[in-house]
Amino acid sequence: MAYTDLRDFIAALERSGELKRIKVEVDPLLEITEITDRVSKSGRPGNLPGMTPGGPALLFENVKGHPGAQVLINQFGSARRMNLALEVDRLDRVAERIHQFMDVKSPQGILDKIKMLPMLADLGKFFPKTVSSGSCKEVIKRDKFSLLDLPVLQCWPKDAGRFITLPCVITRDPKTGKRNVGMYRMQVYDERTAGMHWQRQKVGAEHYRERMRAAAASTAGEGGAIRSAAVDIMARSSGGSVLAEGQRPAGKMEVAVAIGTDPALTFSAIVPAPPDIEEYMIAGFLRQSPVELVKGETVDLEVPANAEIVLEGYVNLDELRTEGPFGDHTGFYSLADEYPVFHLTCMTHRRNPIYATTIVGKPPMEDAWMGKAVERIFLPLMRVTIPELVDVNLPVEGIFHNLMIVSIKKSYPGQARKVMNAIWSLGQAMFTKCIIVVDEDVNVQDVAEVTLKALNHIDPERDIQFTLGPVDSLDHASRLTNFGSKMGVDATRKWPSEGFTRPWPDEILMDEKTKALVDKKWKELGIE
Ligand SMILES: Cc1cc2nc3c(=O)[nH]c(=O)nc-3n(C[C@H](O)[C@H](O)[C@H](O)COP(=O)(O)O)c2cc1C
Ligand SMILES: [Mn+2]
C-alpha cells in the first residue's frame, strides 16, 4: 500500500528500526550537518564501525530557535530505506515493472487481451487526482508568515546562508500546460524571498525561458526583435536573462514548492525524466496509486495534497540575484552565480509540520542512495536507445556526472564510441564527464575488476575520445560554466576490423578440475 504522506513513511521507518528520534537540542546552523554527515558515512573506515552504511534516518525534535519544530533528514540514506521508500525488496523490481510496460506485444487473441487488463488497470493509477482539500491546508497563512520560521539548515561553514535542500519545485509549461516537479535548492534570503537554483538545462529553467520568450514576443512585436531577445535570453550562463537591467521582459511566473511529501513524490523530483513526462505521473507509477493534488491558494498550480509544507509564489522575469556559494555534492563549494528570486505569496502547512531536508557534501551522503536508485531504474530506459547496454555503474565518488562505467554487447566495429555518443545525447546523461565502455564480460559493479581490465585493454591515444558539449553547472574545472569537454574511454577488446591485428591474450582462469581438487582438500590444508 502506498504511503499516504511523509508521516506514513516515517511510521514505516520507525517500525523497521530505520529511524532515530533525537531529543537533545541541536542547532540547524552546521550542527545538524555534522551529526548527519557522521551518520551518512557510518561503516566507513574510522567512522561509526558496526553501523550499517548510511546509518538511520534522523528526526530532530528539539531544534534550537524553533520550539516545536521537527526536522527529518537522511530518509533515503541507505539501501534498505531506498527500498522502503519505493516499496520494493530490491530496486530492480521497479526496472522490471518498467520493462513489463515496454515489452507489450500486439495481443494475438482474446486471451492475450485479457492478460493485458491488469496492466491497463495499473496505468490508470499513474494519473494524479485533484481533490478538494488535503492536510497541507490545515494552516493557511496569507499575511503573517516568514520563511525564517522554518528550521532551515545552514549546511557548511562557507555556505552563503540557509538553504532549503529538499524542495519539490512545481512549475507549469506555458505552452503545453504540463507541470514539472524538480528538486532545486533554495537559498533563504529573508522572510519572503529565496533563490531559485534551477540550473540552466533543467526543466524549471526552460519553463522560465518560455515565459520570457512569450513576454519578449508580446513587447517586441517585430519578428526579428523577438528572435534576438530569445537568443539573448538563452545565451545567459545561468537560469536567467542576458538582457541588461531594465531591458528584460517584465512579467512573472508562478511557482509552488512542496516540502515533506510522500517518498515516491520526493524521489520523482530528482529523477532525470524526459521534460514532457509529469513527475506526478512518475510518482503515481512508483507508488502504484494516484498522487492527490489540491489547488494552490494564490497560484494556478496543483500541489501535493498531503505535503507537510507548501510555499506559493512567483519569480519575476526581470530579476536575478546572487545565489551561493553552497557546499555541494562534488565535495566542494559550488560557486556563486545569478539565479531568479522566488517571492512568497502564501504558505500553507500541516499542523506541527515536519520539515524534510538533506545535506550534500563529500560522498557518500543521502543523495548517493537516491542516485543508485536512479541508476537501477533507468537501465531499461537507457536500453531503449542503447540496446547493446548490459549494465551501468555510476560510482558514488563519481558524483553521477563525473563517471559512468558501462558494459556492452559489442557486435560491430566502433560500437563503444557509438554508445558514448548515445549517452552524451541522452537527457541528463549528457553531463557525463567521463564514460568508460567495457565488454559484457566485465562486471561494471566491481570497480577493481574494471580498473584491471579497462587499463590493461587500452592504448590511450587510440582509445580515448574527447568531445565538447554541455557540462553540469556544478563542474568547477570546465573552461566555462555549463560548457566544456568530456572523455570517453573505449576499453572494449579491439578487433581486427578496428585495425587491431595483434593477438589478444587469454584471461588467466584456473581449470575446474584443479579447483574441485583444492576444494576437496581445503580443510585438510589447515590454512583457515
Ligand atoms: C538533494 C538534491 C539537490 C539538488 N539540487 C539541485 C539544484 O539546486 N539545482 C538543480 O538544477 N538540480 C538539483 N538537483 C538535481 C535535480 O533535482 C535533477 O536534475 C532533476 O532531474 C531535475 O528535474 P527536471 O528534469 O524536472 O528539471 C538536486 C538533486 C538532489 C538529489
Ligand atoms: Mn521534469
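All ligand and atom numbering here is 1-based and tracks the order in the structure. Given the structure is predicted, the values throughout are model-derived calculations rather than measurements. Quick note: residue numbers are just sequence positions, from 1.
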Any idea which protein heavy atom is nearest [atom], and the distance to it?
atom	value
atom 26 (O) of ligand 1	Asn180 ND2, 2.8 Å
atom 25 (O) of ligand 1	Gln428 NE2, 3.3 Å
atom 28 (C) of ligand 1	Met183 O, 3.6 Å
atom 12 (N) of ligand 1	Lys202 NZ, 3.0 Å
atom 11 (O) of ligand 1	Gln199 N, 3.0 Å

I need the contact type for Pro275 against ligand 1. Using non-hydrogen atoms and a strict under-4.0 Å cut-off, is it side chain, backbone, both or neither? neither

Considering only NZ, NE, NH1 and NH2 on the basic side and carboxylate oxygens on the acidic side, decide whether [X] and [Y] come within less than 4.0 Å.
X	Y	result
Glu210	Lys175	yes
Lys295	Glu302	yes
Glu279	Lys178	no
Lys202	Glu206	no

Among the N, O or S atoms of Glu279, which one sits nearest to the Mn ion (ligand 2)? OE2

Just jot down the ligand 1 atoms closer than 4.0 angstrom to any heavy atom of [X], in number order.
X	result
Pro272	21 (O)
Glu279	26 (O)
His197	7 (C), 8 (O), 9 (N), 10 (C), 11 (O)
Thr358	1 (C)

Answer yes or no on whether [X] is positioned over the face of [Y], meaning its NZ or CZ is under 6.0 Å from the six-membered ring centre and within 45° of the axis.
X	Y	value
Arg97	Phe285	yes
Arg179	Tyr280	no
Arg287	Phe267	no

Parallel under 30°, tilted from 30 to 60°, perpendicular over 60°: which one fits the rings of Tyr184 and Trp198? perpendicular

Over all atoms of both residues, closest heavy-atom pair of Thr165 and Thr358: OG1-O, 2.6 Å

Has ligand 1 got any nitrogen or oxygen that is less than 3.5 angstrom from a nitrogen or oxygen of [X]?
X	value
Val271	yes
Ala273	no
Tyr184	yes

Nearest non-hydrogen contact with atom 31 (C) of ligand 1 belongs to which option: Val169, Ile270, Thr266? Ile270

Distance only, no hydrogens: is a donor on one side chain within 3.5 Å (strictly under) of an acceptor on the other, for Asn74 and Lys20? no

